[in-house]
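Ligands are counted one by one from 1 in listed order, and the atoms in each one are counted from 1 as well.
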Amino acid sequence: MTTAPDRLRSRPEASSILPPPPPGVVPYIAGYSREQIITPRLTHGPGPAVGFVDETPHDRDSFGVPWVRPSLLPKARRGEPRFKEVHPFRQRRAMLDQLCQVCARPAVSDLDAPRLYVMHGIGRPVEEGELTASPPVCLPCAAIAVQVCPYLRRHHVAAWVRSTPAWGVIGHVHDPQTLRAFAQDQQVEYGSPAAAWVVAARLVSMLYEVTPMDLEAEFARLGRDRLEEEFSRVAELMAAA
Ligand SMILES: [Zn+2]
């Protein structure tokens, strides 16, 4: 049983200290209406595993798992943002390169420094070994994300995290005989039997050296004026991207 204080468990609506989010901010990892996610025609192999008929060396990650092929369009041609969708390539890049999932800047300037992870309410503080497909976020963007992200708006928890090894993927798992997708959006661990039959759409990391933190207290410490300044900087950055 956890003895963590209530303030670290889960938070209701973002506190009134927050300035309104800058208009038009679309998180880096969000999907857009004209971006298609294509799963190529499937085949068996190499070996006892799912593969693509027209597979290229770029289709598999370093653990040998094949990934869906998302279209990559210049920002002006992506269409309307889809805040509930996550773009597989941008999610993976943000996870691997430790980029802020909103502004795409490095989440911290020093790679040894702890990164901030914010998750939708899990009813308890973030724990050692927690799994997440949500990339890190910089502190100003956390104050934006808890206002614009449909998953974070109602409840969220946050932690500083030092170590985030890749754990596996989220994707559709296919029947080894028929190759029919029989389980959608499954969390699959690298090296597990299901990893041979999954086509990945998101990377999942495990969080270690976790220090739960009170996001609202941190926002209050920064203060509304400073947050407003940071919001303008983020908006400028995103307009220039
Ligand atoms: Zn950011």
Side-chain angles (χ1 to χ4, degrees), residues 11 13-15 17-32 35 70 72 74-75 78 81-121 126 130 132-164 202-205 207 209-241:
R11 276 285 179 170
E13 302 286 337
S15 71
I17 182 91
L18 297 183
V25 165
V26 180
Y28 171 69
I29 63 165
Y32 285 80
E35 289 179 319
L72 292 168
K75 218 170 182 180
R78 289 179 191 165
R82 296 273 188 264
F83 289 94
K84 286 192 170 179
E85 289 169 20
V86 171
H87 189 273
F89 173 81
R90 292 195 292 272
Q91 185 268 356
R92 185 175 161 197
R93 178 167 179 243
M95 295 290 275
L96 288 173
D97 294 348
Q98 299 282 287
L99 305 179
C100 169
Q101 61 172 287
V102 178
C103 71
R105 288 179 298 184
V108 283
S109 48
D110 170 6
L111 267 185
D112 291 331
R115 276 86 68 190
L116 177 60
Y117 281 77
V118 181
M119 297 178 195
H120 64 84
V126 185
E130 195 85 50
T132 188
S134 182
V137 64
C138 68
L139 193 57
C141 287
I144 297 172
V146 298
Q147 298 186 78
V148 304
C149 172
Y151 298 108
L152 300 178
R153 212 156 20 200
R154 290 192 57 214
H155 294 284
H156 51 263
V157 288
W160 294 111
V161 178
R162 282 188 182 274
S163 174
T164 58
R202 288 192 216 178
L203 183 68
V204 177
S205 292
L207 308 184
E209 298 182 64
V210 169
T211 308
M213 62 90 85
D214 184 340
L215 205 47
E216 275 65 26
E218 199 65 31
F219 294 151
R221 196 184 59 76
L222 276 179
R224 194 179 168 98
D225 289 352
R226 172 79 192 284
L227 280 168
E228 249 162 28
E229 275 169 39
E230 292 285 348
F231 281 13
S232 317
R233 275 192 344 140
V234 170
E236 273 170 34
L237 247 162
M238 295 186 97

- With sequence neighbours excluded, what pairs up with S163 under the side-chain contact (heavy atoms from CB on, under 4.5 Å) test?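 Partners of S163 by the side-chain contact (heavy atoms from CB on, under 4.5 Å) criterion, ordered by chain and then number, come out as P165, Y208, E209.
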- Message: I'd like to check the side chain to side chain donor-acceptor pair (under 3.5 Å) partners of R202; sequence neighbours left out, ordered by chain and number.
- Response: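 With neighbours one apart ignored, the set is empty.
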Any [X] side-chain heavy atom under 4.5 Å of [Y] side chain:
X: V157; Y: P212; value: no
X: V25; Y: V148; value: no
X: T132; Y: V161; value: no

Under 3.5 Å donor-acceptor pairs involving side-chain atoms of residues 95-105, not counting sequence neighbours:
from, atom 1, to, atom 2, distance (Å)
Q98, OE1, R115, NE, 2.3
Q98, OE1, R115, NH2, 3.0
Q98, NE2, M95, O, 3.0
Q98, NE2, Y117, OH, 3.3
Q98, NE2, T164, OG1, 3.4
Q101, NE2, S134, OG, 3.0
Q101, NE2, P135, O, 2.7

- Heteroatoms of the protein, restricted to N/O/S, which lie under 2.8 Å from the Zn ion (ligand 1):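 Per the 2.8 Å query on the Zn ion (ligand 1), atoms found are C100 SG, C103 SG, C138 SG, C141 SG.
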